[in-house]
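Since the structure comes first, as structure tokens, the remarks are kept for the end.
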Amino acid sequence: MTQKGSFFMTDEEQAEWEKEQKELEKLIDRCVFCNIAYRNDCRANIVYKDSRYVVFRDIRPSAKEHYLVIPKKHIKDTKVLGYDDIPMIRNMVEVSKMCLKKHGADVNDVRYGFHLSPMVSVDHLHMHVLSPATRIGFFGRLLFRPDSYWFLTVDTLLKRLEEKPSEFWAEGKPQGDWHGRQIIEIPEEGTTVSSSAENEAEKKHGTAV
């Protein structure tokens, strides 16, 4: 048995942990957003970071405040999301609102959304946040056109996810500790309250953090 911090691991758990760390290192090496999330890439202008999310400024802004919000967990894109990822998406919105307020932006004049293939430039789920939405330039209005073939708004994405079956419910009974569509309250900067819903949903997306 091996001690890891204040925890003890069996030899099997230690081997599994080491395997996950190696997989994470490989992800970080090949994914620019994982690099930003875990290695504090100096090229990124990070606005906010906690144990689950990172917010940084878009390198080609289309609005005064233009952020990218990513989960630290490597998730490829919206295609792999399901019903159980609803809390994560709502958390990403709440985190972005906190950042917008901090920088004096109007949280009622914002465009939230995700690009769709072939407009996805990085295969790591990222949400665009643009404010003020009413002052996005001509090219930006095309690039971030709501619910076009290439840009999906958060509201539409959530509606689509709500129509998908949950992987953690079967015959009306919860599988594991899953509490449904829980909206997470984001407290002060630097701490994010997690939920069992988010914890369970993360398990299907591969490498553990």
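Sequential numbering from 1 along the given sequence is applied to the chain's residues. Hydrogens, waters and symmetry mates play no part in the numbers below; they use all other heavy atoms, side chains included.
Heavy-atom minimum distance, Met92 versus Met127: O-CE, 3.5 Å. A pairwise comparison of heavy atoms in Gly82 and Lys164 identifies CA-CD, 4.0 Å as the closest pair. Considering all non-hydrogen atoms of both residues, Ile136 and Gly140 come closest at CG2-C, 3.4 Å. Pro165 and Tyr83 make their closest contact through O-CB, 3.8 Å (heavy atoms, listed as atom of the first residue, atom of the second, distance). In terms of heavy-atom proximity, His74 sits nearest to Asp123 at CE1-O, 3.2 Å.
Interatomic distance, Ser62 OG to Arg135 CZ, rounded to the nearest 0.5 Å: 14.0 Å. Asp85 CG to Asn91 CG: the interatomic distance, rounded to the nearest 0.5 Å, is 12.0 Å. Going from atom CG of Leu157 over to atom CD of Glu162 covers 10.0 Å, rounded to the nearest 0.5 Å. Annotation: the span from Ile70 atom CD1 to Lys49 atom NZ amounts to 8.5 Å, rounded to 0.5 Å.
Every residue meeting the side-chain contact (heavy atoms from CB on, under 4.5 Å) condition with Leu142, not counting sequence neighbours, appears here in chain and number order: Phe138. Not a single side-chain hydrogen bond (donor to acceptor under 3.5 Å, both in side chains) links Ser117 to another residue, sequence neighbours left out. In this structure, the side-chain hydrogen bond (donor to acceptor under 3.5 Å, both in side chains) partners of Asp109, at least two apart in sequence or on a different chain, are Thr134. Taking Arg39 as the reference, Glu25, Ile28, Asp29, Asn35 meet the side-chain contact (heavy atoms from CB on, under 4.5 Å) condition, with sequence neighbours excluded. Taking the side-chain hydrogen bond (donor to acceptor under 3.5 Å, both in side chains) definition, one finds that His66 meets it with Asp58, His128, sequence neighbours left out. Taking Ser121 as the reference, nothing meets the side-chain hydrogen bond (donor to acceptor under 3.5 Å, both in side chains) condition, with sequence neighbours excluded.
Lys64 contributes no side-chain N or O that, together with a main-chain N or O of Ser131, makes up a donor-acceptor pair within less than 3.5 Å. In this structure, the side chain of Asp106 does not engage the main chain of Pro132 through any donor-acceptor pair within 3.5 Å. Looking only at distances, a side-chain donor or acceptor of His115 sits under 3.5 Å from a matching main-chain atom of Leu143. With Tyr38 contributing its side chain and Lys72 its backbone, the two residues share a donor-acceptor pair below 3.5 Å.
Leu152 is not connected to Met119 by any chain of hydrophobic side-chain contacts under 4.5 Å among Ile, Leu, Val, Met, Phe, Trp and Tyr, and they are in different clusters. Linking ILVMFWY side-chain heavy atoms closer than 4.5 Å, directly or via other members, places Leu116 and Leu81 in a single hydrophobic cluster. Taken together through direct or relayed side-chain contacts under 4.5 Å among Ile, Leu, Val, Met, Phe, Trp and Tyr, Val95 and Ile75 form part of one hydrophobic cluster. Both Tyr67 and Ile89 belong to a single network of hydrophobic side chains, linked directly or stepwise wherever heavy atoms of I, L, V, M, F, W or Y lie under 4.5 Å apart. Clustering ILVMFWY residues whenever any of their side-chain heavy atoms sit less than 4.5 angstrom apart, transitively, puts Phe144 in a cluster other than the one holding Leu68.
Annotation: side chain of Met88 is in contact with side chain of Leu125 (closest heavy-atom distance under 4.5 Å). With contacts defined as side-chain heavy-atom distances shorter than 4.5 Å, the pair Val110/Leu130 does not qualify.
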**Prompt:** Hey, mind stepping through Tyr48 and Lys102 against side-chain contact (heavy atoms from CB on, under 4.5 Å) and telling me if it holds?
**Reply:** CA-CA 10 Å; Tyr48 173 86; Lys102 180 179 178 179; over 6 Å; no
**Message:** One pair to check against side-chain contact (heavy atoms from CB on, under 4.5 Å): His126 and Phe56. What are the steps and the verdict?
**Reply:** CA-CA 10 Å; His126 53 284; Phe56 51 96; 6.0 Å; no
**Request:** Please assess Phe114 against Val154 for the test side-chain contact (heavy atoms from CB on, under 4.5 Å), listing each intermediate value before the final yes or no.
**Result:** CA-CA 7 Å; Phe114 300 83; Val154 163; 3.9 Å; yes
**Prompt:** After noting the C-alpha distance and the side-chain angles of Glu65 and Val129, does the key distance pass the side-chain contact (heavy atoms from CB on, under 4.5 Å) rule?
**Reply:** CA-CA 8 Å; Glu65 299 296 325; Val129 180; over 6 Å; no
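A salt bridge is absent between Glu94 and Arg52; no separation between the charged side-chain nitrogens and carboxylate oxygens falls under 4.0 Å.
Counting non-hydrogen atoms of neighbouring residues, nucleotides and ligands closer than 6.0 angstrom, the CZ atom of Arg145 reaches no more than 12 such neighbours.
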